[in-house]
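The structure appears right after this line, and notes come after that.
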Amino acid sequence: MEYIASEYKPLNDISMSNMSLREIIVAIYVRLSKEDLDSGERESESIQNQKAMLLNYAINRGWQVYNIYCDEDYSGAYAGSDNDRPEFNRMMNDASQNKFGIVLCKSQSRFSRNMEVIEQYIHGRFVEWGIRFVSLVDNADTEIKGNKKARQINSLMNEWYLEDLSENIKSVFRYKMEHGEFLAAFPPYGYSKDKNNKNHLVINPNTAPVVKQIFEWHSEGYGAARISRMLNDRGIPNPRKQQELDGLRKTYMYSPNEMGCWSTTTIGDILNNQVYCGDVVQHKVEKVSYKSKVIRKVSADNNIIISDMHEPIISRKVFKETQERLSKRRKATGTGKVHILSGKVFCHYCGKPMQKNHGVSSKAGHIGYLRCRDKYSYAAKDRCPTPNIRMDYILDALQIQLINKFKNIAVENLDEDFINELLNKNDDKNALLSTELTNLKKEQGKIANNQKNLYNDRLNDIISVTEYLNYNKDFIERLEKIEKRIAEIEKQFVVKDETQKRANVKAALMSFLETKCIDRKIIDHLVERIEFGEINKETGNPTLKIFWAWD
């Protein structure tokens, strides 16, 4: 008589005191995963197919079915937590309580493709619990002596299959990434997936303006914390809530009236995401192994970035300026904005950025001042000697120097020739530094190679220990000098996008000449660095040195 899966009814719990009865009570385990779909086995391995086959097999042998445990869309590579294979774990719990004496599967690979799991359960705990394992297709049966080696070979082949399948899937994904196809489950905030091509991004008209606003606020000096508060105050749904509103989530985190809370982390992720320039950035994380769900971060050098794959929300210029601001790690003030001189003023003695302290009250209002970050971090005798300096004093000095330098220049005279002449003063110096840097790095490589050859000579007894130590000491000393000089050059010489720099300087100068006022953007583009604290030998007073973009 043929039985089909729909006719099956679970067996009620019975007393297991009668061991002969337990030996004919069977637990049926069926499983189907996405890996089977990828390998073309979906039809032959379908859940209904497995259930019908196993029920017929059990009934034909007079076994009573205790229960059918079914994991659908779960990989055979994992077992352990409830999220791996919940029905598998429920079956193991029932097995430990002696509720059945046989576990029946279509094949050993349905039970698990992981060798460690096979050894742990079939050849370990099942033996302790007195449970027989049977699989139909590959004739695995723990009751048959001499069958263990065949099961272990089969387990090894299943493991190889899983590893090969994993590598094949990785290759397919990498190919798609390298061709700019967007593979993540959810589109980045500000975008939607193209209805005609799920691997292509299109601008979401509801959320893209929010992304633009975030970048604009940041350019005005607002920090991530302040931006998140402003979005929350306006009742704008956060990215997770927006996914729920767009019907992209099967489960809901927020109630219908909740908009979700924007966090500084979310703002930071948006400000750092190159996708908003029109690029697809992928392979940021990867699994440590096909047998593990642990994810590790991939170094930025190994990310896969394909440019101009979709319409940008912000320009590359805006994104680059944002990254430059973020790299300076400026801290916002109580207003939510970074102060106007943040990240620009440094202590002459220790080289660290000077930080803003609470100002003092005066008739003119609240006056802020800067002090060395470590001024009060050490004992008095070890403190940095740089005194505090009022911020308005620095701003006045900047304004006066700019006025004196450009007082005879009209806005209409700020043509390309003028800007090029202004910025080209250091081209010769930079060329010399660049040549020196190249030569030093070549010498650095040669010394490293010589050290390797020297070590091999010592291993082959060509030179003595004393000779090796003396030669190597000379190499180490020279390397230290080279590394020190390279660090000095890299501080003085930084390769920059000259075209963009010229445009920024021109725009900042035009703004200053029209208003004669100093703002954050003018300081960003015209001032490279300000140093304070060096004592003038003639006057005995601390000096303020301004390094301009054209110095």
Side-chain angles (χ1 to χ4, degrees), residues 33-38 42 72-75 83 166 168-216 227-228 231 234-256 258-263 265-287 293 295 297-298 300 302-316 318-319 322:
S33 69
K34 293 178 181 178
E35 66 205 27
D36 304 312
L37 177 62
D38 295 328
R42 189 78 176 190
E72 189 163 9
D73 286 336
Y74 285 93
S75 172
N83 292 328
S166 174
N168 289 338
I169 292 172
K170 278 184 181 179
S171 297
V172 171
F173 282 174
R174 187 167 189 90
Y175 175 84
K176 289 184 176 182
M177 290 179 187
E178 289 173 347
H179 284 75
E181 295 187 38
F182 183 81
L183 302 181
F186 301 105
Y189 184 80
Y191 286 101
S192 300
K193 289 189 176 182
D194 191 335
K195 293 180 180 179
N196 299 319
N197 180 2
K198 66 177 182 179
N199 300 125
H200 179 252
L201 298 175
V202 294
I203 285 181
N204 184 324
N206 297 322
T207 55
V210 180
V211 174
K212 287 183 179 179
Q213 183 66 75
I214 289 171
F215 278 90
E216 185 177 333
I227 292 173
S228 64
L231 292 171
R234 287 163 173 76
I236 296 174
N238 73 354
R240 169 64 195 235
K241 176 65 177 182
Q242 190 63 51
Q243 289 173 353
E244 295 177 9
L245 293 173
D246 292 341
L248 301 179
R249 292 281 185 174
K250 294 181 180 179
T251 58
Y252 292 88
M253 180 182 293
Y254 302 106
S255 67
E258 287 184 294
M259 291 296 103
C261 183
W262 287 83
S263 67
T265 301
T266 303
I267 300 301
D269 289 343
I270 289 175
L271 292 172
N272 281 291
N273 199 339
Q274 194 173 329
V275 73
Y276 298 116
C277 297
D279 304 339
V280 173
V281 184
Q282 297 183 109
H283 194 233
K284 292 183 177 181
V285 295
E286 64 182 5
K287 289 169 64 174
K293 290 187 176 182
I295 301 294
K297 190 175 182 180
V298 175
N302 291 320
N303 293 162
I304 298 176
I305 304 174
I306 309 299
S307 302
D308 302 319
M309 293 306 300
H310 50 263
E311 185 179 351
I313 293 177
I314 60 163
S315 68
R316 296 190 184 279
V318 170
F319 184 74
T322 302

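Not measured: the values here are computed from a predicted model. Side-chain atoms are counted along with the backbone in the values below, which use heavy atoms only and exclude waters and symmetry mates.
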Distance in Å, [X] [atom1] paired with [Y] [atom2], rounded so as to fall on 0.5 Å steps:
X	Y	atom1	atom2	result
Gln274	Ile305	CD	CD1	4.5 Å
Phe215	Tyr276	CZ	OH	7.0 Å
Trp262	Lys241	CH2	NZ	14.0 Å
Leu183	His283	CG	NE2	11.5 Å
His179	Ile304	NE2	CD1	11.5 Å
Arg240	Met253	CZ	CE	4.0 Å

Closest approach of [X] and [Y], non-hydrogen atoms and distance?
X	Y	result
Asp308	Asp279	N-OD1, 3.0 Å
Pro209	Pro205	CD-O, 3.3 Å
Ala208	Ile203	CB-CG2, 3.5 Å
Arg316	Ser307	NH2-CB, 4.0 Å
Glu258	Tyr254	OE1-CA, 3.5 Å
Thr266	Pro239	CG2-CG, 3.8 Å

Is any side-chain heavy atom of [X] closer than 4.5 Å to a side-chain heavy atom of [Y]?
X	Y	value
Thr322	Ile314	no
Phe186	Arg249	yes
His310	Pro187	no
Leu201	Pro188	yes

Would you say NZ of Lys193 has more than 12 non-hydrogen atoms from neighbouring residues, nucleotides or ligands within 6.0 angstrom?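 More than 12 within 6.0 Å, yes.
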Please enumerate all residues that pass side-chain contact (heavy atoms from CB on, under 4.5 Å) together with Ser192, with sequence neighbours excluded.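 side-chain contact (heavy atoms from CB on, under 4.5 Å) check on Ser192 returns Val202, Asn204.
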What residues, two or more places apart in sequence or in another chain, satisfy side-chain contact (heavy atoms from CB on, under 4.5 Å) together with Arg234?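 Here the qualifying residues are Trp217, Met230, Ile236.
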Derivation and outcome, side chain to side chain donor-acceptor pair (under 3.5 Å), residues Asn273 and Tyr189: CA-CA 10 Å; Asn273 199 339; Tyr189 184 80; over 6 Å; no
If we ignore hydrogens and angles and just use 3.5 Å, is the side chain of Glu244 paired with the main-chain N or O of Pro256 as donor and acceptor?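 No, Glu244 side chain to Pro256 backbone: no donor-acceptor pair under 3.5 Å.
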Taking Thr207 for its side chain and Gly190 for its backbone only, find out whether a donor-acceptor pair lies under 3.5 Å.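 Pair found, side chain donor or acceptor close to backbone of Gly190.
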